[in-house]
Amino acid sequence: MDLNVNGVPVSTDSDPDAPAVELLRDGLGLTGTKLACGNGVCGACTVLIDGAPGASCLLPTAHLEGRSVTTVEGLDGAHPVQRAFAAHDAMQCGYCTPGFVVEAAAFVDRWRAEHGDVDPGRAAVATAMAGHLCRCGAYEGIYAAVRAACAGEHDDPASAPRPRVEAFEKVTGRARYTTDILPAKRLEAVIVRSPHAHARVGAIDAGDVPHVDLLPDDRTLRYVGQPVLAVAAATRSQALAAAARVRIDYSPLPAVTRPEQARAAGSPLVYASRDERRAAPRSGEGPGLPGRWQGNVRGPSGFGRRQATAVRRLSRAAERGDDRLVTAVFTTSVQVHTPLEPHACVARWDERGDLHLHVSTQAVTDVAEQAARRWGLPPERVHVVAEHVGGGFGAKGRLGVEAIAAAELARICGVPVRLVFDRSEELTDAGSRPGTRTELALLADASGDLAALAVDAHGDGGVSVDTPTALFANLVYGTAPRRLRDFDVVTNLPPGAPFRGPGGAPLLWALEQGVDEMALRLKEDPIALRRRWDGNPKRHALYDRAAALPMWQRRNRGAQSGRIRHGVGVAAANWPYLLNTGAQVELEVREGRVVARAAIQDIGTGSRSVIADVVAAELGLPADRVRVEIGHNNGLKGASSTGSKTTTSIGPAAQDAARRLRRLLGDAPSVAHRLEASEGARVVGGRGRDRHGYLTPVPLGGMAVGRGFAGAVHVAEVEVDTRLGRIRVTRMWAGIAAGRIYSERLARNQCEGAIIQGIGYALYEQRHIDPATGVVLTDNLEDYRIPGIADTPEIEVYFHQEGWEHVNGGGVGLGEVAAIGVAASIGNAVRDATGFRPLDLPIRPDRLLEGMRP
Amino acid sequence: MNLPSTIRAAADTLRDHGGQARAGGTDLTARAGIGRTSGPFVDLRGVAELRGSERRPDGSVRIGAMTTIAEIAADPLVTAGHPALAAAAARLATPQIRTVATLGGNLLQRNRCWYYRNPAFSCHQSGGQGCPARTGASLYSAVIDRGPCVAPHPSSLAVALLAYDATVRTHRLGVVPAARIYGDGDDPTRDHLLEPDDVLIEVTLPPPAPSEGWAHHRAAARAAAEWPLVEAVARVGRDGGRLTSVAVAVGGVARVPLRLPEVERAVLRDGEAPESLSAAAARVADSCSPLADNGYKVELLRATVLEVLEQALAAPSAKADVDTPAREG
Ligand SMILES: Cc1cc2nc3c(=O)[nH]c(=O)nc-3n(C[C@H](O)[C@H](O)[C@H](O)COP(=O)(O)OP(=O)(O)OC[C@H]3O[C@@H](n4cnc5c(N)ncnc54)[C@H](O)[C@@H]3O)c2cc1C
Ligand code: SF4
Ligand code: FES
Ligand code: FES
């Protein structure tokens, strides 16, 4: 069969029924085209077929016969919309970018041909881009880029500055992700997963296929989708066929698939013995809280202040029917990370016995250390590469089953082995934010001050434990008495993993709505009440801004009656400041440029650019004289991209390194003229200590908790169609108090993305389970609903940069604090619009209709 | 792979060698990926007779089965004379699907039940027995329950075709009303009644009405690219101030796309005063029998029907205006 690809004639005999994306990526090596959902939903695989955009994951290869195909590579980096994407920072991780760019190129050309060089406006762009999903939520930049390209603002190839240093690689499809590593001689691996929610495994007969056992020590499977073993074969379809031939003896055991069922007396136990319970996976990030077990319930791990006083005040208030006692039960659904690049690894052992791992990870150094320990290697003999990472959000923080299986199989087979999760695996067993059921009680005294607070949170993290939620209520609203208890309810469902502000998002869903309810009871402005209760001076600055916003000032007061109602809601957030105390940056002068190296990775947060910006500014160099090399464990001390700590760890280290280099090169304001003569000059900078040190006296695993809390205030405006049950977030304001902003556009992009993920959490995202079997039903991006571009409100982000003078570098992380309060602000806005207080996430149309029923 | 160039050749190949006709391949490729079909496929893209659209001398409009959804959405014949069909086409799936997916494939696609689409389950529709959705997670299931299977029919275009009293022509059945290819939905093993070796050839829309109002609405949580919970089309004909015809068709609620004759009759009889319209829309509840999780669809169906009725009645006349956002809620 003959076709034309990017202007080049191509002859192929590949399977005519296979999806065209396979021919493009595997057959022709055009890896700019991504396979993310395989279901026609996300648009990552979009190519132009005779000029029209089509989804190559659902297009039979046969249909390309005689056609002309243009992939992102075919645009050659020369299309104005590519420059526009780079200039407006219309990306984060970049995994969705080639698909967007291809679609946008066709749209921009058509638009300009039909309308001339005019701005099409947001709605037209939203309609044109409706078939693309960006999990990072870079939609604001995408709107701006497409509109500007239509208006002819990016026709000049001498292009505008690019806030993100790797933007050009991402808009051209040249950025290589782990999934794009396709060694010619390799095997493809797939994981055989449990079809049972609970079973003991007997004999396994895999025949003569290379395979590796992935069972836990007790050979007991506790959820559908749990890895049993992995097999490898020459191609993915052969590996799938081999997997289907493996014979496994399962002895099914009784299972529990719903938390209510798990809590009932006499229900089957997920963990029957002490040893089993001790081996339970953890979904949290921290060291793990202690907790006693009772059946399937673990806990409480209790925190608080003057707990007995709190309980006494609350029960007396309940007895006397005090109107200033707010109580409610809030729930949140399991939210799945689903980064567009799935978990993936390509493993190889070289002739010296060194292990090479290309892996899609948020933590190159942690993965390297864990791999070294696992395979008994000295650290310098494990080489982890994560050049570009297609998102993580917390799910890619450790050495995972994809890497373990690939490395083991590579060792057995003596060739590189590649293992890439499909979307069903990614949505089933690659991490999720546990669901919660939170009982909240909040009491105000006669003068309207907070008198007592109680939070009992039950985490629904499947087989995993450790879902601290209530704990975070210790960090807010002064020192009033409070009792905070966290429980885990284990079930035979996949384990959770840390997800952007773990515990914070579900806590604030409850707490910030409770505070809002109190404001209503006290007939006080919700911002004013928070201002009174919250002693944090940085947030006071944000409250003042928020209160002055036109949407807040103009908001409706009193009950509305029409069909379409508008509401405005506010929520505040507080989040610990974490850092890697030892993070290092190395600078070396090479061929007239400064090359910066660090053992970090960029999952879309822009850490490359932070280093580049800091170094260029400190040395007085133009951007193109600094090159940043990251994504390798290179012997330097690094920082994982978790806990919002990369920037605050690496920024000061880069600054320190740059100062050292400047001194070395003669201490001029700009060292540009010294570079030629300084070839080979090399310095290493470190993350200097903060003034007054840290809350953690000694760093744990290189990590410390710093002094102070990052703060945020979100104000959401919604429009509610009470007839059809639809909620639209029309406007969002985010005030962020995280100190110095290293790279303004990139930080704003993070905050915008945080809002979009928060909108997903609030309105759409929910993992559904078949109650009878424990199978995840939402294992595709059609049924697991993440926000699209048209669901994006107009967003304004304000940075309050003062108050972090004690921090080296002056700024702390913001990726999490910018996300966790979003859902509550929307909940409060819905209450404001309708009088109905949504208690359960997501606020689906059916729930809204039910709640509004007279 | 097979690439016939005539309808007869395609039908003969299917009869003699089995397999399935393939149009755009978007549904078939997705189903092949989860083991719900294995081919062999007989590609219809070489059959010229299945392409194109035209106005016939009697004013009716013929659309070939291989016409893409994007072509239908932009076809001036359709946008002018049958705008609700153009609207349904313009809003379904995503732009990248609409450029390759076809009219025939849309009408004959298989359902989207998350049990049917998951290889972990077996049910009536996948060659097994029983219906796990009925007792399991039924959030999206049909609320007008007329048979063992409760997967809503997926086709958006079928809803509009029903509202326009369109006919379809197939190789083996000849010309039949569009509703005929779905029957009453009591056969839980299939989503349409065409024999495996039949070929859908074309759809015919009756001549456009001289003056009518219309509306199309998809009720869903997200703004775009989401399967509707409920979908509806309404058309109203007028003679001066007098209502002369009302057609309401709905999707997402039953095993097959449905017309709602009781609602149509009630509006014709009782007129367009707000209370009459509400009462007419409320009639949908009579035919609903919800499962554990989909009770909301009774209310949402009523609301969506009311929505399209109000919009169609408020609309001045049939104008090709698919881009007017006011027409969508
Ligand atoms: C993200 C997404 C969202 C979607 N949303 C919607 C939506 O809202 N509404 C909606 O209606 N659809 C929706 N779809 C479904 C889409 O419309 C269908 O996949 C598409 O219309 C199928 O057309 P096709 O030409 O690709 O069919 P194919 O995959 O080629 O065929 C589908 C079926 O029809 C049969 N067939 C096709 N043509 C003929 C013929 N001429 N004669 C006999 N048999 C034939 C095939 O044998 C096959 O069984 C969505 C799809 C995706 C991916
Ligand atoms: S609703 Fe239909 S498709 Fe879904 S499980 Fe039941 S029988 Fe199968
Ligand atoms: S990979 Fe094709 S649309 Fe998602
Ligand atoms: S930038 Fe869009 S998915 Fe990451």
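Keep in mind it's a predicted model, so treat the numbers as computed, not measured. We name chains A, B, ... by the order of the sequence lines, and we start the count at 1 in each one.
- Contact tally against chain A (heavy-atom pairs below 4.5 Å) for Ala224(B), Gly33(B), Ala220(B): the top residue is Ala220(B).
- Rounding to the nearest 0.5 angstrom, the gap separating the CZ atom in Arg222(B) from the CD1 atom in Ile727(A) is 14.5 Å.
- No side-chain heavy atom of Asp783(A) sits less than 4.5 Å from a side-chain heavy atom of Arg112(B).
- Put simply, the side chain of Thr99(B) gets close to the backbone of Pro53(A): a donor and an acceptor are under 3.5 Å apart.
- Between Arg844(A) and Tyr296(B) there is no side-chain heavy-atom pair separated by less than 4.5 Å.
- For a residue to count as touching a neighbouring chain, one of its non-hydrogen atoms must lie under 4.5 Å from one of that chain's; by this rule Val47(A) does not touch chain B.
- Contact annotation for Leu777(A): both backbone and side-chain heavy atoms come within less than 4.5 Å of a heavy atom of chain B.
- With a threshold of 4.5 angstrom between heavy atoms, Asn39(A) approaches chain B through side-chain atoms but not through N, CA, C or O.
- Residues Asn118(B) and Val775(A) have side chains in contact (heavy-atom distance under 4.5 Å, counting atoms from C-beta outward).
- Rounded to the nearest 0.5 angstrom, Leu58(A) CG and Leu28(B) CG are separated by 10.5 Å.
- The number of heavy-atom neighbours closer than 6.0 Å to CD of Glu114(A), taken from other residues, nucleotides and ligands shown, is above 12.
- Taking 4.5 Å as the limit, some side-chain heavy atom of Val100(B) sits within range of a side-chain heavy atom of Leu59(A).
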Going through the distances and angles, do Thr773(A) and Phe121(B) end up as a side-chain contact (heavy atoms from CB on, under 4.5 Å)?
-> CA-CA 10 Å; Thr773(A) 59; Phe121(B) 299 95; 3.6 Å; yes
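- Between Gly131(A) and Thr94(B) the shortest heavy-atom distance is CA-CB, 3.5 Å.
- At a threshold of 4.5 Å between non-hydrogen side-chain atoms, the residues His217(B) and Leu724(A) count as touching.
- Distance check, rounded to the nearest 0.5 Å: CD of Gln96(B) to OG1 of Thr46(A) gives 4.0 Å.
- Among His768(A), Glu850(A), Arg785(A), the residue making the largest number of heavy-atom pairs under 4.5 Å with chain B is Arg785(A).
- At least one side-chain heavy atom of Glu103(A) sits less than 4.5 Å from a side-chain heavy atom of Pro95(B).
- The side chain to side chain contact (heavy atoms under 4.5 Å, CB included) with Asp846(A) is formed by just one residue from the set Leu229(B), Leu300(B), Asp293(B), Leu139(B); it is Leu139(B).
- Residue Ala70(B) does not touch chain A at all, counting heavy-atom pairs closer than 4.5 Å.
- Nearest heavy atoms, Tyr115(B) versus Pro771(A): OH-CD, 4.4 Å.
- Of the listed residues (Thr135(B), Leu306(B), Thr304(B)), the greatest number of heavy-atom pairs within a distance under 4.5 Å of chain A belongs to Leu306(B).
- Looking at Asp779(A), only its side chain comes within 4.5 Å of chain B, counting heavy atoms on both sides.
- Residue Ile769(A) touches chain B through its backbone alone, counting heavy-atom pairs closer than 4.5 Å.
- At a 4.5 Å heavy-atom cutoff, the contact between Glu782(A) and chain B is made by backbone and side-chain atoms alike.
- Electrostatic pairing of Glu299(B) and Arg723(A) does not count as a salt bridge here, judged by no charged N lying under 4.0 Å from a carboxylate O.
- Both the backbone and the side chain of Pro60(A) have a heavy atom closer than 4.5 Å to some heavy atom of chain B.
- Scored by the side chain to side chain contact (heavy atoms under 4.5 Å, CB included) test, Ala128(A) finds Phe107(A) as partners (sequence neighbours excluded).
- Proximity to chain A (any heavy atom under 4.5 Å) is restricted, for Ala120(B), to the side chain, taken from C-beta onward.
- Ala772(A) does not touch chain B: none of its heavy atoms, backbone or side chain, sits under 4.5 Å away.
- With a 4.5 Å cut-off on non-hydrogen atoms, Cys57(A) touches chain B through its backbone but not through its side chain.
- Interface summary for chain B: among Ala52(A), Ala55(A), Ala790(A), the most heavy-atom pairs under 4.5 angstrom belong to Ala55(A).
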